[in-house]
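Everything below concerns the one structure shown next.
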Amino acid sequence: MRIYNSQTRKKEELVPQTGNKVGIYACGPTVYNYFHIGNARPFITFDVFRRYLEHKGYDVTFVQNFTDIDDKMIKRANEEAITVKELAERFIEAYFEDAKALGIRPATVHPKATEHMPQIIALIEKLLEKGRAYEVNGDVYFRVKAFPGYGKLSGQDMEELEDGASERLNVETEKEDPRDFALWKKQKPGEPAWESPWGLGRPGWHIECSAMSMTYLGDTVDIHCGGKDLLFPHHENEIAQSEGATDKTYVRYWMHNGFINIDNEKMSKSKGNFFTVRDIQKEYDLEAVRMFMLSAHYRSPINFSREQIAQAQASLTRLYTARDQMLFLMETAREQPLTAQEEAFMARIKQHMGRFDAAMDDDLNTADALGALFEIVKDVNVTLNEASAKEAIGFALDTEVALCEVLGLLMKKPGALPEDIQAMVDQRAQARKDKNWKLSDELRDGIKAKGYILEDTAAGQKVRKQA
RNA sequence: GGUGCCAUAGCCAAGCGGUAAGGCGAAGGUCUGCAAAACCUUUAUUCUCCAGUUCAAAUCUGGAUGGCACCUCCA
């Protein structure tokens, strides 16, 4: 498959370092709050990426960290009058709850920064040895001048960066160069701290990702992903730190997702125009949020609005209706020889499957892949009925479910009806037999009031849970 | 100032040189006891605008206009 590499700015054929093994590092959340809808985009995007790679037979190791110590963590913990550790535990738990509701699978490993101090310190020591870092009064900084490749990911010119940095950043006199960034921060009063050769302190934000990525995936990782805004300086700094220490390629493919906007403006903490996943969950099924994210290419910006989520919900229902219809048909379908039409139908389904894969192979084009999926739905609705062969129905059903699983959709399985609903359905069947339309309609309304949609079909009554 | 991205129907969106996928919505119809779902028909002779290259351009080039992001904690 081809993926867009942010560093070369081209789509490149994905060729893992070793056989079919793929190592992926994804920048995870800072666990100082519930994650918002913007955070959800990379989680969903790269979850789909991972699922698709596995669907293609790759053996994927997916590492996503938790940043559980930084300025925001300390500030929030102080506000709540709890320890940073307690704060982290609370929001790590919340992360897993929200991720699950969005259909995001847990990573292979979820390393925490605070549990990797030895690795972080060792990495900093290596940089000091090589003269690519320096210590000043208990703080350690990366010496950007000593790493000639600085700027290669973001395409920034070293001198322009220097001008920009000195203009914009407050001049911290202890740094040699305004572009230098902190690897280790000396403890301030009241802050959590760890022992180090430079005294008590804590790691800078960038170094933890380098250390954890290299711990679990080696000096060179196949793919590193995250949001577009992490490209500079976070990922640029990671390259400097890791390659500065090992003199080996740090990352072979960089992938960055686009943003979610609100009214065409970036959602951000400072603007206050953001929704947490929990806010959305009060109003919408989170599977619709996932569908919404998948409806556009992951590198394009998308605009979040209620209307968009409602549209996504409606499309999702179409997917569910087709699946449930096939499940319904399977109950009564018979084993019988395929007709010529059914064979042609199955051939078309295979073609749509091919189109789905081709779309996903092309830099994870989920919007196009969804198009192929809806072609299947259409064909199913036109072709299949009570007289269809079990083999044809089963094949289309398995195909739809398998493709949806790659996207992490259609995760809700139809369950048995609650007893009271089933009783009303049975009563309505009798009423219909008696042609008692008034009672029949009342029962249908009653069932709807309880959150179920009842439909009459040639094969009898069909009931499904309202979306 | 530096570095990039985007502009396709009422809304969302694919399309990457060969004559506009798909979804949502809307209108009419078929089916139905009535519904619902589903199906059929209609909804972009045209892709922000202006030049250019080409037998051929939404797709390539140049320019204009409008919008967005990064360079500062943020996915």
Side-chain angles (χ1 to χ4, degrees), chain A residues 6 9 11 26-30 32-33 35-46 70-72 75 151 154-157 159-165 167-170 179 205 225-234 236 256-261 264-271 274 291-292 294-297 299-303 305 307-319 321-322 324-325 328 355 359 362 365-375 377-378 380-385 432 435-438 440-441 444-445 448 453-458 462 464:
Chain A
S6 311
R9 290 171 190 175
K11 286 183 193 170
C27 287
T30 302
Y32 70 111
N33 200 350
F35 68 83
H36 60 68
I37 192 79
N39 297 311
R41 169 112 101 145
F43 300 155
I44 291 170
T45 297
F46 300 117
D70 84 331
D71 292 340
K72 297 188 294 287
K75 182 165 175 265
S154 52
Q156 305 278 334
D157 180 86
E159 287 180 17
E160 292 291 350
L161 277 171
E162 185 168 13
D163 294 347
E167 251 175 54
R168 276 159 217 279
L169 304 179
N170 296 331
R179 293 167 300 180
W205 174 43
C225 38
K228 226 168 213 168
D229 62 332
L230 257 33
L231 212 142
F232 190 90
H234 185 58
E236 192 70 64
H256 292 95
N257 63 276
F259 279 95
I260 291 185
N261 297 139
N264 274 320
E265 281 207 336
K266 182 177 169 176
M267 179 185 302
S268 71
K269 310 217 162 124
S270 51
K271 279 181 187 144
F274 70 97
M291 184 75 178
F292 160 69
L294 265 24
S295 69
H297 187 93
R299 285 188 285 115
S300 314
I302 48 176
N303 237 331
S305 71
E307 193 194 350
Q308 296 312 312
I309 301 299
Q311 285 188 10
Q313 178 67 263
S315 331
L316 188 59
T317 300
R318 185 168 163 84
L319 251 28
T321 304
D324 293 347
Q325 171 66 7
F328 184 73
R355 192 187 140 201
D362 184 16
N365 193 337
T366 53
D368 200 19
L370 239 21
L373 201 47
F374 281 107
E375 301 275 12
V377 167
K378 177 76 162 191
V380 163
N381 288 337
V382 171
T383 311
L384 265 21
N385 57 45
R432 281 175 56 74
K435 296 206 187 297
N436 184 345
W437 307 127
K438 187 166 179 289
S440 166
D441 289 351
R444 185 168 61 197
D445 289 344
K448 187 171 183 191
I453 306 288
L454 186 145
E455 294 163 11
D456 293 313
T457 75
K462 206 170 103 182
R464 64 186 161 91

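Here is how names work: the chains are called A, B, and so on, in the same order as the sequence lines, proteins then strands, and each is numbered from 1.
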Which one, [options], comes nearest to the side chain of [X]?
| X | options | result |
| --- | --- | --- |
| R464(A) | C74(B), A75(B), A36(B) | A36(B) |
| I453(A) | A75(B), A36(B), A13(B) | A36(B) |
| T30(A) | C39(B), G15(B), A75(B) | A75(B) |

Say you pick atom [atom1] in [N] and the same atom in [M]; how far apart are they, in whole Å?
| N | M | atom1 | answer |
| --- | --- | --- | --- |
| A14(B) | U8(B) | P | 10 Å |
| A7(B) | C47(B) | P | 14 Å |
| A21(B) | U59(B) | C1' | 15 Å |
| G25(B) | A13(B) | C1' | 14 Å |
| A9(B) | G4(B) | C1' | 29 Å |
| A27(B) | C68(B) | C1' | 36 Å |
| A51(B) | C16(B) | C1' | 22 Å |
| U72(B) | U3(B) | P | 15 Å |

Taking the side chain as everything from C-beta on, heavy atoms only, tell me whether [X] gets closer than 4.5 Å to [Y].
| X | Y | answer |
| --- | --- | --- |
| R318(A) | V377(A) | yes |
| Y32(A) | D70(A) | no |
| I309(A) | F292(A) | yes |
| L370(A) | M291(A) | yes |
| M267(A) | H36(A) | yes |

[X] [atom1] to [N] [atom2], straight-line distance once rounded to whole Å:
| X | N | atom1 | atom2 | value |
| --- | --- | --- | --- | --- |
| R299(A) | A7(B) | CZ | C1' | 16 Å |
| W437(A) | G33(B) | CH2 | P | 7 Å |
| L454(A) | U32(B) | CG | P | 18 Å |
| Q313(A) | C12(B) | CD | C1' | 15 Å |
| L319(A) | A38(B) | CG | P | 12 Å |
| Q325(A) | C39(B) | CD | C1' | 12 Å |
| R179(A) | C70(B) | CZ | C1' | 18 Å |
| H297(A) | G15(B) | NE2 | P | 8 Å |

For a quick check, with a 4.0 angstrom heavy-atom cut-off, what is the B/S/- contact string for nucleotides 18-28 of chain B, read 5' to 3'? ---BSBB----

Just checking [X]: base, sugar-phosphate only, or nothing, at a heavy-atom cut-off of under 4.0 Å?
| X | result |
| --- | --- |
| H256(A) | nothing |
| L231(A) | nothing |
| G155(A) | sugar-phosphate |
| L373(A) | nothing |
| T457(A) | nothing |

Got a second to check how far Q325(A)'s CD is from K462(A)'s NZ, nearest 0.5 Å?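 The NZ atom of K462(A) is 3.5 Å from CD of Q325(A), to the nearest 0.5 Å.
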
Using only side-chain N and O atoms of [X], determine if any of them is under 4.0 Å from OP1 or OP2 of [N].
| X | N | answer |
| --- | --- | --- |
| R444(A) | A36(B) | no |
| N257(A) | A75(B) | no |
| N365(A) | G15(B) | yes |
| N39(A) | A75(B) | yes |

Ranking K438(A) and S300(A) by the position along RNA chain B of their nearest nucleotide, the one closer to 5' is S300(A)

Pairwise 5' ranking along RNA chain B for F292(A) and K228(A), keeping only the more 5' one: F292(A)

Applying side chain to side chain contact (heavy atoms under 4.5 Å, CB included), run through L231(A) and E236(A) and close with a yes or a no. CA-CA 6 Å; L231(A) 212 142; E236(A) 192 70 64; 5.5 Å; no

Watson-Crick or G-U stems involving RNA chain B, each at least 3 pairs long, distances under 3.5 Å, ordered by first number: B:1-7 with B:65-71, B:10-12 with B:22-24, B:25-30 with B:38-43, B:48-52 with B:60-64

Checking side chain to side chain contact (heavy atoms under 4.5 Å, CB included) for the pair C225(A)/N257(A): CA distance, chi angles, key distance, verdict? CA-CA 8 Å; C225(A) 38; N257(A) 63 276; over 6 Å; no

Just say parallel, tilted or perpendicular for the rings of F43(A) and F35(A), cut-offs at 30° and 60°.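 Ring orientation, 0 to 90° scale: perpendicular.
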
Give the intermediate values and the outcome of side chain to side chain contact (heavy atoms under 4.5 Å, CB included) for residues I302(A) and N261(A). CA-CA 6 Å; I302(A) 48 176; N261(A) 297 139; over 6 Å; no

With distance as the sole criterion, do the side chain of D70(A) and the base of C73(B) form a donor-acceptor contact below 3.5 Å? no

Once hydrogens and angles are ignored, does a donor-acceptor distance under 3.5 Å link the base of G33(B) to the side chain of D441(A)? yes

K75(A) atom NZ, neighbour heavy-atom count above 12 within 6.0 Å: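 Atom NZ in K75(A) is not crowded, with 12 or fewer foreign heavy atoms closer than 6.0 Å.
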
Under 3.5 Å donor-acceptor, N365(A) side chain and D368(A) backbone: yes

